Amino acid sequence: FVARSTAGIHGAAMGYTTVRPAWPRGLTEDWDRFEKATPGLTDRIAVYNEIAAKGKPPAPHYYLGVIGIDPNLHGLDIGTQLLKSFCDLSANDRLSCGVYLETAKASNLGFYERAGFAETGRGSLGSTTLWCMYLPHGPR
């Protein structure tokens, strides 16, 4: 989802549906080279994946990977609208039981909690905390 006006792009949200898409082969090869060339990245990703695996719901769900808003436009409900659009898409998918995400910013917790998300786990990535959050759908 992209929030835009005639003045430009103001924010975006992206993730995937109940089926995680495969990376294109070329991108997979580029990532493998990047990971090998970046000291400690493989171990950090392994810790991230371990934390996330404990916080993810077992039922099929949508995953919100990224949501971002132009910092000059915070407080105008653009992020709320993007999040609602993503959650609505999930709620209208009979295969999805909710929306799952992770955040490493404590300042984001209130935003997600106000939208109905609850913490399902957390862990440490060095000096950074990773919070896992989930919004289950109500009866459909």
Side-chain angles (χ1 to χ4, degrees):
F1 290 96
V2 177
R4 66 174 134 194
S5 71
T6 56
I9 295 175
H10 305 301
M14 64 182 164
Y16 54 82
T17 65
T18 58
V19 179
R20 183 178 182 166
W23 283 25
R25 182 178 174 159
L27 185 57
T28 299
E29 292 167 358
D30 288 345
W31 179 260
D32 288 344
R33 283 192 295 279
F34 173 71
E35 193 172 342
K36 289 175 185 162
T38 307
L41 183 60
T42 302
D43 293 336
R44 189 169 172 86
I45 290 172
V47 171
Y48 179 97
N49 287 336
E50 183 179 322
I51 295 167
K54 291 177 184 174
K56 282 182 187 174
H61 60 276
Y62 277 40
Y63 175 73
L64 179 63
V66 177
I67 187 168
I69 310 305
D70 178 335
N72 297 317
L73 301 175
H74 284 190
L76 299 177
D77 285 336
I78 296 169
T80 300
Q81 291 172 22
L82 285 168
L83 182 61
K84 182 180 182 322
S85 294
F86 190 86
C87 292
D88 286 350
L89 188 67
S90 174
N92 289 320
D93 183 339
R94 291 199 169 276
L95 297 177
S96 179
C97 291
V99 176
Y100 169 78
L101 62 87
E102 299 108 11
T103 185
K105 290 185 76 175
S107 59
N108 290 342
L109 296 174
F111 171 71
Y112 293 122
E113 288 168 346
R114 284 189 301 279
F117 283 80
E119 183 180 322
T120 58
R122 79 170 75 171
S124 295
L125 286 166
S127 62
T128 302
T129 299
L130 182 69
W131 288 271
C132 303
M133 303 189 82
Y134 182 61
L135 173 68
H137 298 311
R140 291 186 263 172

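It should be emphasised that the depicted structure is a prediction, and the values quoted were computed from it without experimental measurement.
Under the 4.5 Å side-chain criterion, counting only non-hydrogen atoms from C-beta, Tyr100 is not in contact with Ser90.
Residue-environment remark: NZ (Lys56) exceeds the threshold of 12 foreign heavy atoms within 6.0 Å.
One finds the CZ atom of Phe111 at 12.0 Å from the NZ atom of Lys105 (value rounded to the nearest 0.5 Å). With rounding to the nearest 0.5 Å, the separation of CD1 in Ile51 from CG in Leu130 is 5.0 Å. We find the OH-CE distance between Tyr63 and Met14 to be 10.5 Å, quoted to the nearest 0.5 Å. Atom CD in Glu35 sits 6.5 Å away from atom CG in Asp32 (nearest 0.5 Å). The OG1 atom of Thr42 lies 9.0 Å from the NZ atom of Lys36; values are rounded to the nearest 0.5 Å. In this structure, the separation between SG on Cys132 and CZ on Arg122 is 10.0 Å, given to the nearest 0.5 Å.
The two atoms that bring Thr38 and Phe34 nearest to each other are OG1-O, 2.8 Å, heavy atoms only. Taking every heavy atom of both residues into account, Thr103 and Met133 meet most closely at CG2-SD, 4.4 Å. Across all non-hydrogen atoms, the minimal contact from Leu82 to Ala13 is CB-CB, 4.1 Å. Here the shortest heavy-atom pairing between Cys87 and Leu135 reads SG-CD2, 3.7 Å. Minimum heavy-atom separation, Tyr48 to Leu125: N-CD2, 3.6 Å. The shortest heavy-atom contact between Phe1 and Ser85 is CZ-O, 3.6 Å.
A continuous path of ILVMFWY side-chain contacts below 4.5 Å connects Phe117 to Leu109, so both sit in one hydrophobic cluster. Follow the hydrophobic side-chain contacts under 4.5 Å out from Tyr134 and you never reach Leu101; the two are in separate clusters. Residue Leu73 is grouped with residue Ile67 when hydrophobic side chains (ILVMFWY) are merged at heavy-atom distances under 4.5 angstrom, including chains of intermediate members. Residues Leu95 and Val99 do not share a hydrophobic cluster, clusters being chains of Ile/Leu/Val/Met/Phe/Trp/Tyr side chains in contact below 4.5 Å. Linking ILVMFWY residues whenever their side-chain heavy atoms come closer than 4.5 Å, directly or via other members, leaves Trp131 and Val66 in distinct clusters.
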Less than 3.5 Å apart, which donor and acceptor atoms pair up between the side chains of residues 3-10 and the rest of the protein, not counting sequence neighbours?
| residue | atom | partner | partner atom | Å |
| --- | --- | --- | --- | --- |
| Ser5 | OG | Ala7 | N | 3.1 |
| Ser5 | OG | His10 | NE2 | 2.7 |
| His10 | NE2 | Gly8 | O | 3.4 |

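Between Tyr62 and Phe86, the ring-plane angle classifies as perpendicular under the 30° and 60° cut-offs.
A distance-only check finds a donor-acceptor pair linking the side chain of Ser96 to the backbone of Gly98 [under 3.5 Å].
Screening Asp88, Leu64, Asp77 against Leu83 for a side-chain contact (heavy atoms from CB on, under 4.5 Å) leaves a single residue, Leu64.
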